[in-house]
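When reading the values below, keep in mind they use all heavy atoms of this one structure, side chains included, and skip hydrogens, waters and symmetry mates. Just so we're on the same page: letters track the sequence lines, and every chain starts at 1.
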Amino acid sequence: MKKQEQQEYMEKYKKAKAEGVPFFPDIIFKDIVVSLLILIILVLLAYFIGAPVEARANPNDASYTPRPEWYFLFLFQMLKYFPGKLEVVGAMILPTLFIGLLLVLPFLDKSPKRHFLKRPFASLMAVGVLLGIVGLTLLALNAAPTPQTTVVIDKAADLYAKNCANCHGPTIDVPAGVDLHQIIAAGNHQGMPAWGGDLSTDEIDMLVGFILSPNGSALFTRECAGCHKNAIQATGNPIELQRVFDEGKAYPAHKDQDVTDWKKSLNVDEQNALLNFLAAPDGQRLFVINCSGCHGEGIAFKGSKEELRKLIVDGGHQLTMPGWKGTLSTDDLDTLANYVTDPQGYPAGTKLFGIYCATCHGDKVPVAPDKESALTMIGSGGAHITMPVWGDILTSDQVDALVAYTLESGSETGIIVGAKLFAENCTFCHGKYGEGGLNPTFAGDTIAPISSPNYLKTRDDTTIRNIIAEGQTFGMPPFASSYGGTLNDDQIAALVAFIRNWEIIPPIIPDIPATPTANPTATPGTTSPGSGEVSFADQVQPIFQSRCIACHNSSSGQAGFDASTYQAVMTSGDSGPQIVAGDAANSPLITLLQTATGFMPPMGKLSDDDIQIIVEWINAGALDN
Amino acid sequence: MLANIGDWLNERFGWRSVWEAIFLRKIPHVNWLYTLGSATLFVAVNQAITGILLTLYYVPTPDHAYDSVVYITTQLPMGWFIRGLHHWGASAMVILTVAHLLRVFFYGAYKFPREVTWMTGVILLIVVIGFGFTGYLLPWDQRAYWATTVGTRIVGVAPVVGDWLLRVARGGDELSAVTLARFFGTHVWVLPAALIILVGMHLYLVIRNGISAVPGKDE
C-alpha cells in the first residue's frame, strides 16, 4: 500500500469515525447483550450436559480409541491422508505453513481493497480452507465410533488400575488356595504395601474378584452394573448367585426387573467367570461365607486333597439321614410321604415335618417324585441335604480354592500356631488371655487388655500386625525379624489371626484380681547395696526377672540375650557374653544399663540401686550364688 | 461532594482522560459481528474465574488428579457446575476466536494500520489452542490420557528434532507425572501469562488505531 493510499484511508476512516457513535454506551451495550447471551448458553450447557468424566486413565488399556477434542478432529482426519513417511507433511509442515501464512497475511495481501468481493483470491482461499476444515471435521465425526451414551465404569478394573497395575502389570497369576484377601489387606514382605488402610473390605473383595476373574468383572459391568452400581451390591453368596442363574426372572429380587436369562445368554465359561468374580475363588473368604456357619473356624481334615474335594462337591449326598421306619408309626410315615410328594395337597404333614424333619431340613421341603420313593427314603434314610451339594453351586475354581484353604487351615497354621507363639512371646506382659495389667518392663504403666472387644474393634489387622512387628513405646520390643525381632511374617500373621480370633470367641478370663505377674521394685530393694556379698538368686535374678526377661528370654531372646537363668545370663548374646566376671566396667551389660539415656531397658533406666547390685555382683566374680 | 471527590481523584489519577480515551472514543457504525472480540474476552474472563476456582481442589498428580476431578464433579457443592462452565467455555473460546478472526479477515480489517493487531490476534489463537490441548489432559481419565498420548506423538514426527521434542512435551518417553505437571504448569501459569500480555497489546492497539469500519462495496 502506498503512502498516498494510506493517507486516503486514514482520512476516510476519520470521517466514518466522526459520524459514528461513542463506545459507551452504544457499542458496549451490544457487547454486553452478546456476552450475556453466551453466558446463558454456557450455563445451560453446564447445567444440562455438564462436563464428562470417563474411567480413570489406564496406561495398560491400549484398546481405548483415543478421541481428541472436537476442534482438533480435522487435524487427525487430515493425518489419515498422509501415511508413513508423509506423516510429517500433515503433522508438521502443513499446520506450520498455515499458521505462518496467517501470521504474515497483512504483508502478503498489500492491496488497498478491503471488501471481500474486491479481493476474490484471498476470499476464495479462506472459504476453501474453511470448507476443508469443516469437511474434515464432519468426516472424522462420522468415522469415529459413536461415543457410549452411558459410560458404565468397570469399578473393579478401575481399582486394579489405580492400586495394582503399576507394579503387577495388567494381570496377576495367583495359585489356587492363596489367601488373596489377606495378602492385599496386609501386604507381604516382598515390598508390597498393606492396602487394608486405604481400601475397604468390600473394595478388597472386589479387587480379589477382578484379579482372579478379570473377564467376570467385564461381564458384571456389562450385565449387572446398570442396576448394581458396585459389585458388592450383588450378593457374594454362591448359593444365592446360583439361584439367580437358575431362577432368572423368578428370582425374587429380579422379579420386576428387566433381566436377561443369563443361563441362556451366557455360555458356561462366562457364567463361571461371573461367579468367580462375585464370589472370588479365594479359599479363606469362601470358607467364611459358606462353611464357617457350621464348621466354625476351620476343619481338621486328615484325608487327601481328592477326598476333600469329593466331599465338598458331593455335599450331603454322602451323608446319611436316619431311617425313620422303627421310630415313626406307619400312619405318620404315610402322612409324611404324601406331604413331601405334594406339600400343598397334604397340609396335614406340615406338623409332622415340623417335628421330625425341620430340625435339619428347615423350611425347605424336599420334594419326592412319587409316594413310593418318598416312603422308601424316609423309612430307610439315605440322602440328606444338610450339607449342600457344593458341586452344583460352586465353580470348579472356587472348589479348588476351598479345598486348598481347608487343608491348610486344618493343618498346623493360623490360629493354633498363633496361640503357641502368643504363649511364648506375649503372655509375660499381656497375660495368658491378653488381659494386660501392670507393665513389668516399665514401672507405673498399665498394659491395656488386648483381648477386649473395644481394643479389637478399634484396631484392624494391619495395625496389630504393625504393633507386633515394630514394637511400641513403653517397653514392647519389635518382634519382626526385619526390625531385629525373632518372628517371620508368617508367624506374625498367625499371631494376628489368633488375636483377631478373640473377637469371635472372647477369652474366658478366670475371676482373679488383676494384679501384675511381678512387682518390679519389691525384691531388689530389700538388701541395701554394698552390704557384703551379693546373691545372684536373691538379688540379681529378681531384677532380670522383672525388667529384662519380657524380651530377653529363652524363646524370643532379643539380640540373642537370655536373662532367664544363670547359665544363659553368663553366655548368651549375639555380640558375645554380656558379662565379664570380676570386671563390671568392661561388661557390655553394665554399659548398656548405665548409658545416660537409659539404653536398656528401652523405657526407663534401672534405679541406681539396682544397677549397683548388678555391678557389685559382677565385681565379686559373677558367681552363681 | 461526589463531584469534589471525583475532581480530587482526577487530579491524581487522571482517570477522566482514560475514560474519555477508552469509553467515549467514537466508533464508526458497525454491525453485531463486531461484538465477537469482546465476547471472546468475556469468555476468557469466565475461563479465568472458573479455572482459578477449579485449582482450589484440583491436584495435578496422576495419583490424585482423577479423584480430585471426580470429587469436584460429584461431591463439591456447585463443583459440577463450575467445571461444566469451564468445559463448555473452552469450546466457546475456540469458536469465538475463530469467528472473530473470520470477521476480521472478510472485512479486510487486518490491513493498514492494523497489521500488528492481526498478528497478536493470530498468536492469541495459538494460545487458545494451547489452552485446549494442555487442559484436555488434566482430568487424567481414559480420554485425556489417550488423546494426549496421540497428540504428543505428533510432535515426534518432526525431522531430526522429533524425538527431542517428544521428550520435551512429555517430560520423558511416556506420559507420566512429569507430563501432567508440565501440562498443568503450562495451562495455569505460562499460557495465562501469555494471554494477559497479548490481550493487553491487542486491546491497546484496537483502541489506539480505532475499530475498522464496515468496508463499502467500492473499497
Side-chain angles (χ1 to χ4, degrees), chain A residues 1 6 9-10 13 16-24 26-28 30-31 34-35 38-39 42-43 45-47 49-51 53-59 61 64 66-72 79 87-88 91-92 99 102-103 105-107 109 112-119 123 126 130, chain B residues 22-30 32 35 38-39 42-43 46 62 66 69-70 73 80-81 83-89 91-92 94 105-108 110-112 115 118-119 122 126 132 136 139-147 149-151 154 157-159 175 210 213 215-217 219:
Chain A
M1 212 185 294
Q6 291 183 351
Y9 173 78
M10 286 311 272
Y13 178 68
K17 209 170 160 175
E19 289 168 0
V21 290
F23 179 67
F24 178 87
D26 297 53
I27 301 291
I28 207 166
K30 280 183 175 175
D31 286 342
V34 173
S35 292
I38 288 168
L39 182 65
L42 288 183
V43 165
L45 285 170
Y47 187 86
I49 303 180
V53 199
E54 289 195 0
R56 182 189 306 279
N58 180 1
D61 179 13
Y64 186 86
R67 268 171 73 80
E69 190 63 298
W70 63 266
Y71 41 80
F72 291 124
L79 283 180
E87 195 183 6
V88 67
M92 281 278 150
I99 293 285
L102 215 54
L103 207 56
L105 176 69
F107 309 105
D109 176 16
K113 298 295 181 194
R114 285 167 196 257
H115 197 272
F116 67 93
L117 289 177
K118 294 280 175 184
R119 30 189 194 104
S123 297
L130 204 60
Chain B
I22 293 177
F23 285 93
L24 299 183
R25 72 197 149 103
K26 284 290 199 76
I27 309 278
H29 288 286
V30 291
W32 285 91
T35 59
S38 62
F42 171 76
V43 178
N46 170 73
Y66 181 74
V69 170
V70 170
T73 315
W80 59 273
F81 183 67
R83 188 165 165 254
L85 279 182
H86 198 75
H87 174 83
W88 290 103
S91 291
V94 175
F105 178 85
F106 283 109
Y107 281 8
Y110 55 88
K111 300 195 170 207
F112 171 85
E115 296 94 330
W118 166 268
M119 290 168 78
V122 172
I126 298 170
Y136 206 59
W140 203 254
D141 59 1
Q142 283 281 68
R143 170 195 279 258
Y145 184 91
W146 292 106
T149 303
V150 176
I154 286 181
V157 304
L175 250 64
K217 273 190 182 147
E219 281 184 74

Exercise for review: Between chain B and each of Met10(A), Glu87(A), Glu69(A), count heavy-atom pairs under 4.5 Å; write down the option with the most.
Suggested key: Glu69(A)

Review point. Side chain, backbone, both or neither: which part of Ile27(A) has a non-hydrogen atom closer than 4.5 Å to chain B?
Key: side chain

Point to revise | Heavy-atom closest contact (Thr35(B) atom, Val34(A) atom, distance) | key: OG1-CG2, 3.3 Å

Practice item. Could you tell me which portion of Ile38(A) (side chain, backbone, both or neither) has an atom closer than 4.5 angstrom to a non-hydrogen atom of chain B? Key: side chain

Practice item. Could you check which of Glu219(B), His87(B), Gln142(B) has the highest count of heavy-atom pairs closer than 4.5 Å to chain A? Key: Gln142(B)

Practice item. Name the region of Ala92(B), side chain, backbone, both or neither, that has any atom closer than 4.5 Å to a heavy atom of chain A. Key: side chain

Check your understanding: Looking at CZ of Phe72(A) and OH of Tyr136(B), how far apart are the two atoms once the value is rounded to the nearest 0.5 Å?
Key -> 9.5 Å

**Study point:** Which of Leu85(B), Leu175(B), Val43(B) touches chain A most, by non-hydrogen pairs under 4.5 Å
**Key:** Leu85(B)

Practice item. With the side chain counted from C-beta on, respond yes when Lys17(A) and Ile27(B) share a heavy-atom pair under 4.5 Å apart, and no when they do not. Key: no

Practice item. Check the pair Asp31(A), Phe42(B) against side chain to side chain contact (heavy atoms under 4.5 Å, CB included), reporting the backbone distance first and the verdict last. Key: CA-CA 9 Å; Asp31(A) 286 342; Phe42(B) 171 76; over 6 Å; no

Point to revise | chain B contact via Ile28(A) - side chain, backbone, both or neither, heavy atoms under 4.5 Å | key: side chain

Check your understanding: Has the side chain of Lys111(B) got a donor or acceptor atom that lies under 3.5 Å from a matching backbone atom of Lys113(A)?
Key -> yes

Check your understanding: If you tally heavy-atom pairs under 4.5 Å against chain A, which of Val70(B), Leu24(B), Val150(B), Val94(B) wins?
Key -> Val94(B)

Check your understanding: Between the side chain of Lys26(B) and the main-chain N/O of Pro22(A), is any donor-acceptor distance below 3.5 Å?
Key -> no

Check your understanding: In terms of heavy-atom proximity below 4.5 Å to chain B, should Leu130(A) be classed as side chain, backbone, both, or neither?
Key -> side chain

**Study point:** Taking every non-hydrogen atom, the tightest pair across Tyr66(B) and Val53(A)
**Key:** CE1-CG1, 3.5 Å

Practice item. Could you tell me whether the side chain of Tyr13(A) reaches within less than 4.5 Å of the side chain of Pro28(B), counting heavy atoms only? Key: yes

Practice item. Look up atom CZ in Phe106(B) and atom NE2 in His115(A), then write down how far apart they are to the nearest 0.5 Å. Key: 11.5 Å

Revision key, fill the gap. Given Val21(A), Leu39(A), Val88(A), Leu42(A), the one with more heavy-atom pairs under 4.5 angstrom with chain B than any other is Val21(A)

Practice item. Verify salt bridge (charged side-chain N to carboxylate O under 4.0 Å, His left out) between Glu54(A) and Arg143(B), making sure each step is shown before the conclusion. Key: CA-CA 7 Å; Glu54(A) 289 195 0; Arg143(B) 170 195 279 258; 3.5 Å; yes

Review point. For Asp109(A) and Tyr110(B), does a side-chain donor sit closer than 3.5 Å to a side-chain acceptor?
Key: yes

Exercise for review: Would you verify whether the NZ or CZ of Arg119(A) falls within 45 degrees of the ring axis of Tyr107(B) while also being under 6.0 Å from that six-membered ring's centre?
Suggested key: no

Check your understanding: Going through the distances and angles, do Glu115(B) and Phe107(A) end up as a side chain to side chain contact (heavy atoms under 4.5 Å, CB included)?
Key -> CA-CA 8 Å; Glu115(B) 296 94 330; Phe107(A) 309 105; 4.2 Å; yes

Study note, to complete from the structure: Bottom line for Lys118(A): the part with an atom under 4.5 Å from chain B's heavy atoms is side chain

Review point. Does any N or O in the side chain of His29(B) come within less than 3.5 Å of the main-chain N or O of Glu19(A), such that one atom is a donor and the other an acceptor?
Key: yes

Check your understanding: Quick one: what part of Tyr47(A) sits under 4.5 Å from any heavy atom of chain B, side chain, backbone, both or neither?
Key -> both

Check your understanding: Do you know which two heavy atoms are closest between Ser91(B) and Trp70(A), and how far apart they sit?
Key -> OG-NE1, 2.9 Å

Review point. How far apart are the C-alpha atoms of Val157(B) and Met92(A), what are their side-chain angles, what is the distance that settles it, and do they pass the side chain to side chain contact (heavy atoms under 4.5 Å, CB included) test?
Key: CA-CA 8 Å; Val157(B) 304; Met92(A) 281 278 150; 4.1 Å; yes

Review point. Taking it one step at a time, do Asp141(B) and Arg56(A) satisfy salt bridge (charged side-chain N to carboxylate O under 4.0 Å, His left out)?
Key: CA-CA 4 Å; Asp141(B) 59 1; Arg56(A) 182 189 306 279; over 6 Å; no

Check your understanding: Who wins among Ala46(A), Gly20(A), Ala57(A) for the most heavy-atom pairs under 4.5 Å with chain B?
Key -> Ala57(A)

**Study point:** Largest heavy-atom contact set with chain B, pairs under 4.5 Å, which of Ile99(A), Leu103(A), Ile49(A)
**Key:** Leu103(A)

Point to revise | Contact summary for Leu102(A) and Trp118(B), nearest pair of heavy atoms | key: O-NE1, 2.6 Å

Practice item. Verify side chain to side chain contact (heavy atoms under 4.5 Å, CB included) between Val43(A) and Phe81(B), making sure each step is shown before the conclusion. Key: CA-CA 8 Å; Val43(A) 165; Phe81(B) 183 67; 3.9 Å; yes

**Study point:** Heavy-atom pair with the smallest gap, counting every atom of Ala91(A) and Ile154(B)
**Key:** CB-CG2, 3.6 Å

Practice item. Check Phe23(A) against Ile22(B) and note the closest heavy-atom contact, atom names and distance. Key: CD2-O, 3.5 Å

